[in-house]
Amino acid sequence: MSSKETKPKKEADKSLGGAPKNLMIPFLLLSLREWNLHGYKLIQQLMNFGFTSIDQGNVYRTLRQLEKDELVKSEWDTSSDGPARRIYSITEAGEQYLTIWAKSLEQYQSMLNSFFDLYANMFFPFNASKKVEKEEEK
């Protein structure tokens, strides 16, 4: 691979520096806001949210880091048959962090909406004119 081929990739990586680094975190916190769950159930929740390839080890490492950062807490559940399982729950600090994530993601959603509006206008201009007509009718 020549240096010309790698340069655009490096520039693209640099330009994405402001994007959220680990989208798994807000989805884990959001799941724990509603339920106290064990790791396997959290992985199922991530899949329900649309995460297609999940490294289970990474999920557990992330949960341990969130616990270390006091955003989640866990305790061993020995009430069911079989081996004991860690049950995770969100802390007050985790709730606050989730709120920060939600505000940040709302800004990214606005940016993405702008991007796709522009994209659609470039490739499907006839749809954009129909959208304007509908808005004018209101």
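Any value given below was found using the heavy atoms of this structure, including those in side chains, with hydrogens, waters and symmetry copies removed.
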- Taking all non-hydrogen atoms of both residues, which atom of Glu70 and which atom of Ala93 are closest, and how far apart? O-CB, 3.6 Å
- Note on the structure: On a heavy-atom basis, the closest approach of Asp77 and Ser80 is OD1-N, 4.4 Å
- Who pairs with Leu37 by side chain to side chain contact (heavy atoms under 4.5 Å, CB included), at least two apart in sequence or on another chain? Ser31, Leu32, Trp35, Lys41, Leu42, Gln45
- Message: For a quick test of reading the model, state the closest non-hydrogen atom pair linking Asn36 to Ser89 and the distance between them.
- Response: OD1-CB, 2.9 Å
- Message: Between Ile87 and Leu63, is there shared hydrophobic-cluster membership here, with clusters defined by ILVMFWY side-chain heavy atoms closer than 4.5 Å?
- Response: no
- Keeping to residues at least two apart or across chains, list the ring-ring contact (aromatic ring centres under 6.0 Å, His included) pairs with something in residues 54-93. none
- Task: List in chain and number order the residues that pass salt bridge (charged side-chain N to carboxylate O under 4.0 Å, His left out) with Arg86, two or more places apart in sequence or in another chain; answer none if no residue qualifies.
- Result: none
- Got a sec, which pairs hit salt bridge (charged side-chain N to carboxylate O under 4.0 Å, His left out) with one end in residues 42-54, sequence neighbours left out? none
- side chain to side chain contact (heavy atoms under 4.5 Å, CB included) filter on Asn58, not counting sequence neighbours, yields Met24, Asp55, Arg61, Thr62
- Tell me, please, which residues at least two apart from Tyr40 pass ring pair (Phe, Tyr, Trp, His ring centres under 6.0 Å). none
- For Glu75, enumerate each residue passing the side chain to side chain contact (heavy atoms under 4.5 Å, CB included) test, keeping only those at least two apart in sequence or located in another chain. none
- Item | Which residues share a side chain to side chain donor-acceptor pair (under 3.5 Å) with Glu67, sequence neighbours left out | Ser74
- Item | Between CG on residue Leu66 and OH on residue Tyr97, distance to nearest 0.5 Å | 8.0 Å
- With sequence neighbours excluded, what pairs up with Met47 under the side chain to side chain contact (heavy atoms under 4.5 Å, CB included) test? Ile43, Ile54
- Aromatic rings Tyr119 and Phe115: how do their planes relate, parallel, tilted or perpendicular, breaks at 30° and 60°? parallel
- Distance, nearest 0.5 Å, that separates CG of Leu23 from OH of Tyr108: 9.5 Å
- Query: Between atom CD1 of Ile90 and atom CG of Leu30, what is the distance when rounded to the nearest 0.5 Å?
  - Reply: 8.0 Å
- Working to the nearest 0.5 Å, report the span between CZ of Phe51 and OG of Ser53. 10.0 Å
- Task: Tell me, yes or no, whether the heavy-atom count around Gln44 atom CD, taken from other residues, nucleotides or ligands under 6.0 Å, exceeds 12.
- Result: yes
- Query: With Asp69, which residues qualify under side chain to side chain donor-acceptor pair (under 3.5 Å), at least two apart?
  - Reply: Gln65
- Task: For residues Pro26 and Leu98, report the shortest heavy-atom separation together with the two atoms involved.
- Result: O-CD1, 3.6 Å
- Query: Who are the ring pair (Phe, Tyr, Trp, His ring centres under 6.0 Å) partners of Phe116, not counting sequence neighbours?
  - Reply: none
- Query: Under a single-linkage definition using a 4.5 Å side-chain heavy-atom cutoff for Ile, Leu, Val, Met, Phe, Trp and Tyr, are Met122 and Phe124 assigned to the same hydrophobic cluster?
  - Reply: yes
- Residue pairs involving residues 95-108 (criterion salt bridge (charged side-chain N to carboxylate O under 4.0 Å, His left out); sequence neighbours excluded): Arg33-Glu95
- Would you kindly confirm whether Phe27 and Leu105 end up in one hydrophobic cluster when ILVMFWY residues are joined by side chain heavy atoms under 4.5 Å apart? yes
